[in-house]
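A short worksheet on the structure shown next.
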Amino acid sequence: MTKYALITDFDGTITTKDIGNALCIHYGLTSPEKIEKAYNSKADAREWMKNHFGSVKTTKEEFEKIILEKALVRPGFRDLCLYAKKHDIPFEIASGGLDIYIKPVLEAFDCTQIKIGSVKGVIKPEGIEVTFPDYNGLTMEAFKESRVKHYKKEGRKVIFFGDGPGDFEAALSADIVFATSRLETLLKERGMQYIHFDDYTLAFDLVRGKDVSVSAA
């Protein structure tokens, strides 16, 4: 039986929209137009996170309430999560988002066993302190790729899920890629194989060994 490892982005992948962006818009720190401009200009993600979340004045209770109101999780995620837990399949989040908005979503879906590699956030009176210890000095892109390579070295077949340019390097290294949004566009432009991603149900079937028809783009 195939030994799998599952690595997924969070914003726009587990959730149907980018929660970090939605929070910054909610707090009046940016706009959809400015976010799109930042993507197109390849702005430094670390500085963007520090500058925006650093000025958010909130409490843990308020912050988590807003997160759970805005986070719509894709179908099949919880089923895949619980199956991975039962069968000891490594399942990780490799994200450029904040752990303090990822954890409440995982708790709501009883998926707290998932390892989180992300940006660290601490809510303080003057704003949210943002640090990057999980990256071990790597860029976000290189960190995500390193987690894929980690499990490949263990002899596992790595399934990667992503939606953005920051997921591209990890997607190149993975054995199976589920892609949507900007990541799908990048892979399609380069003629690379991937599976279009709307939810986790097909991946759930794959790891269970079901005979599924996979149409790779």
Side-chain angles (χ1 to χ4, degrees), residues 1-22 67-99 101-118 143-145 147-148 150-152 156-188 192-217:
M1 188 173 179
T2 303
K3 293 171 62 179
Y4 287 106
L6 310 170
I7 302 177
T8 183
D9 175 51
F10 181 80
D11 287 289
T13 303
I14 290 177
T15 56
T16 57
K17 63 181 178 182
D18 190 303
I19 300 303
N21 291 344
I67 291 160
L68 296 177
E69 288 173 353
K70 294 185 177 295
L72 181 62
V73 170
R74 292 184 190 269
F77 171 71
R78 186 173 186 271
D79 290 336
L80 181 58
C81 165
L82 297 180
Y83 182 86
K85 180 179 181 180
K86 181 178 179 180
H87 295 276
D88 296 319
I89 300 171
F91 197 174
E92 288 191 15
I93 290 172
S95 172
L98 290 175
D99 62 336
Y101 67 67
I102 295 173
K103 288 177 180 178
V105 175
L106 297 185
E107 289 168 3
F109 282 80
D110 194 25
C111 292
T112 54
Q113 93 279 3
I114 295 180
K115 181 178 179 180
I116 302 172
S118 69
F143 166 71
K144 292 187 177 191
E145 181 185 28
R147 298 313 301 159
V148 172
H150 169 80
Y151 286 110
K152 291 190 76 170
R156 293 184 178 272
K157 192 168 188 175
V158 179
I159 302 176
F160 181 78
F161 307 83
D163 77 306
D167 300 317
F168 184 68
E169 299 301 326
L172 293 183
S173 295
D175 296 294
I176 300 172
V177 180
F178 286 84
T180 189
S181 191
R182 292 178 177 86
L183 177 60
E184 180 174 12
T185 300
L186 286 172
L187 295 174
K188 185 180 292 185
M192 306 191 66
Q193 278 203 334
Y194 68 92
I195 302 164
H196 173 73
F197 174 64
D198 287 314
D199 58 47
Y200 288 85
T201 54
L202 180 57
F204 182 40
D205 287 341
L206 280 174
V207 299
R208 288 186 293 166
K210 293 188 70 172
D211 184 16
V212 298
S213 175
V214 176
S215 178

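Nothing here was measured: the structure is a model prediction, and the numbers come from that model. This chain uses plain numbering: 1 for the first residue, then up along the sequence. The basis for the numbers below is simple: all heavy atoms, side chains too, and nothing from hydrogens, waters or symmetry mates.
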Mind checking the [atom1]-[atom2] spacing from [X] to [Y]? Nearest 0.5 Å is all I need.
{"X": "Leu187", "Y": "Asp167", "atom1": "CG", "atom2": "CG", "result": "9.5 Å"}
{"X": "Lys103", "Y": "Ile67", "atom1": "NZ", "atom2": "CD1", "result": "11.5 Å"}
{"X": "Leu80", "Y": "Arg74", "atom1": "CG", "atom2": "CZ", "result": "13.5 Å"}
{"X": "Lys3", "Y": "Asp88", "atom1": "NZ", "atom2": "CG", "result": "11.5 Å"}
{"X": "Lys86", "Y": "Cys81", "atom1": "NZ", "atom2": "SG", "result": "13.5 Å"}

Residues which pass side-chain hydrogen bond (donor to acceptor under 3.5 Å, both in side chains) with Ser173, listed by chain and number, not counting sequence neighbours: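 By the side-chain hydrogen bond (donor to acceptor under 3.5 Å, both in side chains) rule, Ser173 matches Glu145.
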Lys157: which residues meet the side chain to side chain contact (heavy atoms under 4.5 Å, CB included) condition with it, sequence neighbours left out?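 Scan of Lys157 (side chain to side chain contact (heavy atoms under 4.5 Å, CB included), adjacent residues dropped) gives Thr2, Tyr4, Asp175, Ile176.
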Minimum-distance pair of heavy atoms, taken over all atoms of [X] and [Y]:
{"X": "Gly97", "Y": "Ser118", "value": "O-CB, 3.3 Å"}
{"X": "Pro104", "Y": "Leu68", "value": "O-CD2, 3.8 Å"}
{"X": "Gly162", "Y": "Asp9", "value": "CA-CB, 4.2 Å"}
{"X": "Phe109", "Y": "Arg78", "value": "O-NE, 3.0 Å"}
{"X": "Asp199", "Y": "Leu202", "value": "OD1-N, 4.3 Å"}

Answer whether the closest heavy-atom distance between the side chains of [X] and [Y] falls below 4.5 Å.
{"X": "Ile114", "Y": "Phe77", "value": "yes"}
{"X": "Val177", "Y": "Gln193", "value": "no"}
{"X": "Leu183", "Y": "Phe168", "value": "yes"}
{"X": "Glu92", "Y": "Leu6", "value": "no"}
{"X": "Glu184", "Y": "Tyr194", "value": "yes"}
{"X": "Tyr151", "Y": "Pro90", "value": "yes"}

Would you mind telling me which of Ile93, Leu98, Asp99 makes a side chain to side chain contact (heavy atoms under 4.5 Å, CB included) with Ser95?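 Per the side chain to side chain contact (heavy atoms under 4.5 Å, CB included) rule, the option paired with Ser95 is Ile93, out of Ile93, Leu98, Asp99.
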Can a donor-acceptor pair be found, under 3.5 Å and without considering hydrogens, that links the side chain of [X] to the backbone of [Y]?
{"X": "Asp79", "Y": "Gly76", "result": "no"}
{"X": "Asp11", "Y": "Ile19", "result": "yes"}
{"X": "Arg156", "Y": "Val148", "result": "no"}

Apply the test side-chain hydrogen bond (donor to acceptor under 3.5 Å, both in side chains) to residues Asp163 and Thr13: give CA-CA distance (whole Å), side-chain angles for both, the deciding distance (0.1 Å), then the verdict. CA-CA 6 Å; Asp163 77 306; Thr13 303; 3.2 Å; yes
Please report the C-alpha distance between Lys17 and Lys70 in whole Å, then the side-chain angles of each, then the deciding distance to 0.1 Å, and finally whether the side-chain contact (heavy atoms from CB on, under 4.5 Å) criterion is met. CA-CA 9 Å; Lys17 63 181 178 182; Lys70 294 185 177 295; 4.2 Å; yes
The test is side-chain contact (heavy atoms from CB on, under 4.5 Å); show your working for Phe204 and Lys210 and say whether it passes. CA-CA 9 Å; Phe204 182 40; Lys210 293 188 70 172; over 6 Å; no
Would you please test Cys111 and Phe91 for side-chain contact (heavy atoms from CB on, under 4.5 Å) and show each step? CA-CA 10 Å; Cys111 292; Phe91 197 174; over 6 Å; no
Would you call the rings of Phe178 and Phe161 parallel, tilted or perpendicular if under 30° counts as parallel and over 60° as perpendicular? parallel
Walk me through it: do Thr8 and Tyr200 pass the test side-chain contact (heavy atoms from CB on, under 4.5 Å)? CA-CA 10 Å; Thr8 183; Tyr200 288 85; 2.9 Å; yes
